[in-house]
Protein chains: 2
Amino acid sequence: MSGHLRVLLVEDDIDLATTVLDYLALENMSCDHAANGVAGFNLARANAYDVMLLDINMPRMNGLAMCRKLREEGVDTPVLMLTARDTLDDKVEGFRAGTDDYLVKPFAFAELIVRLQALSRRRSGQARLLTVGPLQMDLDQRQVRREGKALTLTPTGWQLLEKLMRHSPGVVSKSDLEQLLWPDSPPDSNAFKVHLYKLRMAVDKPFASALIHTVPGQGVRCGEAERDGEEAV
Amino acid sequence: MSGHLRVLLVEDDIDLATTVLDYLALENMSCDHAANGVAGFNLARANAYDVMLLDINMPRMNGLAMCRKLREEGVDTPVLMLTARDTLDDKVEGFRAGTDDYLVKPFAFAELIVRLQALSRRRSGQARLLTVGPLQMDLDQRQVRREGKALTLTPTGWQLLEKLMRHSPGVVSKSDLEQLLWPDSPPDSNAFKVHLYKLRMAVDKPFASALIHTVPGQGVRCGEAERDGEEAV
DNA sequence: AAACGGGTTAACGGCCGGTTAACGCTGGCG
DNA sequence: CGCCAGCGTTAACCGGCCGTTAACCCGTTT
């Protein structure tokens, strides 16, 4: 169920880097690698990763600075610092730079893997029962109910709804959803639109209000209707 | 800006528990406490916490089982395990139960605090916000409010405003903004001016004061009105 | 006065998103 | 063995939004 994470490793020690790459490959994770901070920064800005592994001591730009700069630019991919610095101040400094986790060298690869998975799923959720307003998805029994009534979803509809509910009330970009359905190559047709439409038919049509909303130019959101904050001043 | 987190501590060692409570109080975090797994489970299900600290060795229900049960019930609050067990297998087991982080006793309180903040930063459902004066941009729900009222932006307007708010109160050069919209080749028309104008219509027109200011010859700035004494000599 | 930087409009056209219907594959069942 | 149902895919159509463009306007500068 780890589902093919995309990882970015920024590490100047080539031996360590290749070893990590090997281990990640065993876990079915794809991993890009950069040997210095600047190269890593550019990769991180250009591609969308699920999690990043950063060394601190690196040529050209160190891991802390790189993390800080990424955060300033709005990149909020989870970051796991990999470093030999183990004093308390180092750790506090790391977290202040926007790190999510901190692992001291030398470390066990099993722990690296497991922390990495924890980081990546922290965004996608890990509960077995998802609830969004009147919608309830039971992942063990594989059934969805709205206001108590069971809904029948197609397999793809299920995939979409699960991702939407996991991110609720956040917006999920169209490209993310497409990548979910077609990991390698999104089709050139409008298949996606049709799937989404049919999901709407299943989830919203039989009821009074819609739970699936498209945010123009941004993506799709699952949640209660938008309330315009009409607060008096 | 730790902003008053609500924490649940489940720990049967009363001495340790009171010490942790004291430290959290210093950080302006409110913290409930339970001394065994069952009590903790009930608290966790009843209230909404930002993050939970669980001991593993506890009477009635251990931390791992409690975490697992919460996940089954759909509670996805971040969990930080606090335990004396430090073998690799223990850690792997902990993460498998749905833990988000794992801290081995004895630990430094500064590290506890900082990891706890990192976890809550990622709290699912908690909005990532950009705030500039009365302007508030919710990056997850992809909506912008000013004085509570929701604004409707076009996709390009959103791009511009996000960059402006990120750099606020700094000035963003016109060429930077153009490069944001057209990475390869800025158009030869005045499309940029029009986009900026429409953004102003959306952000400033319905309100008394303007938040988007052009600094002649420099670029554009997002922020409260400038006090007069600014002249650089 | 002409040139320049910036602000304000209105109109056009393409693209995005929603909606249908039809086709084809696959797996189950008689 | 053949039929049917379910599901994914595709093409086509439509409406409205939004990006683009070319105007014109203004004040300041040269």
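Basis for what follows: all heavy atoms, side chains included, without hydrogens, waters or symmetry-related copies. Lettering of chains follows the sequences in order, A, B, ..., and the numbering in each one begins at 1.
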At what distance, to the nearest 0.5 angstrom, does [atom1] of [X] lie from [atom2] of [Y]?
X	Y	atom1	atom2	result
B:I212	B:L135	CD1	CG	7.5 Å
A:L70	A:F41	CG	CZ	5.0 Å
B:H167	A:E72	NE2	CD	7.5 Å
B:L64	B:R68	CG	CZ	5.5 Å
B:E73	A:R128	CD	CZ	13.5 Å
B:Q136	B:L129	CD	CG	5.0 Å

Dump every N/O contact between nucleotides 27-29 of chain C and the protein below 3.5 Å, one line per pair.
none

Check: protein-nucleotides 4-6 of chain D nitrogen or oxygen pairs below 3.5 Å:
none

Ion pair present between B:D90 and B:R96, side-chain N to carboxylate O less than 4.0 angstrom?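 No.
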
Distance check needed: [N] [atom2] versus [X] [atom1], whole Å only.
X	N	atom1	atom2	result
A:L199	D:dC7	CG	C1'	14 Å
A:H195	D:dT10	NE2	C1'	11 Å
B:W182	D:dC18	CH2	P	16 Å

Give a yes/no on whether any side-chain N or O of A:T156 is located under 4.0 angstrom from OP1 or OP2 of D:dG8.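 So the side-chain polar atoms of A:T156 do come within 4.0 Å of the phosphate oxygens OP1 or OP2 of D:dG8, strictly under.
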
Below the 4.0 Å mark, does D:dC17 have OP1 or OP2 next to a side-chain nitrogen or oxygen of B:T154?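 The answer is no; no side-chain N or O of B:T154 sits under 4.0 Å from OP1 or OP2.
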
Enumerate all atom pairs, one protein N or O and one N or O from nucleotides 11-19 of chain C, separated by less than 3.5 Å.
from   : atom 1 : to     : atom 2 : distance (Å)
C:dG17 : OP2    : A:K174 : NZ     : 3.2
C:dG17 : N7     : A:K193 : NZ     : 2.8
C:dG18 : OP1    : A:R200 : NH1    : 3.2
C:dG18 : OP1    : A:R200 : NH2    : 3.3
C:dG18 : N7     : A:K193 : NZ     : 3.3
C:dG18 : O6     : A:K193 : NZ     : 2.6

Which ones in residues 132-142 of chain A lie close to DNA chain D, meaning a heavy atom under 4.0 Å from one of its atoms?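 Listed by number, there are none.
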
Could you give the side-chain donor-acceptor pairs of residues 175-193 of chain B under 3.5 Å, partners two or more places apart or in another chain?
from   : atom 1 : to     : atom 2 : distance (Å)
B:S175 : OG     : B:S173 : OG     : 3.1
B:S189 : OG     : B:A191 : N      : 3.3

Kindly indicate, with the supporting measurements, whether the criterion salt bridge (Lys or Arg N to Asp or Glu O under 4.0 Å) is fulfilled by A:R6 and A:D32. CA-CA 8 Å; A:R6 292 157 304 175; A:D32 289 354; over 6 Å; no

Could you list the residues that satisfy side-chain hydrogen bond (donor to acceptor under 3.5 Å, both in side chains) with B:E162, not counting sequence neighbours? B:W158, B:R166

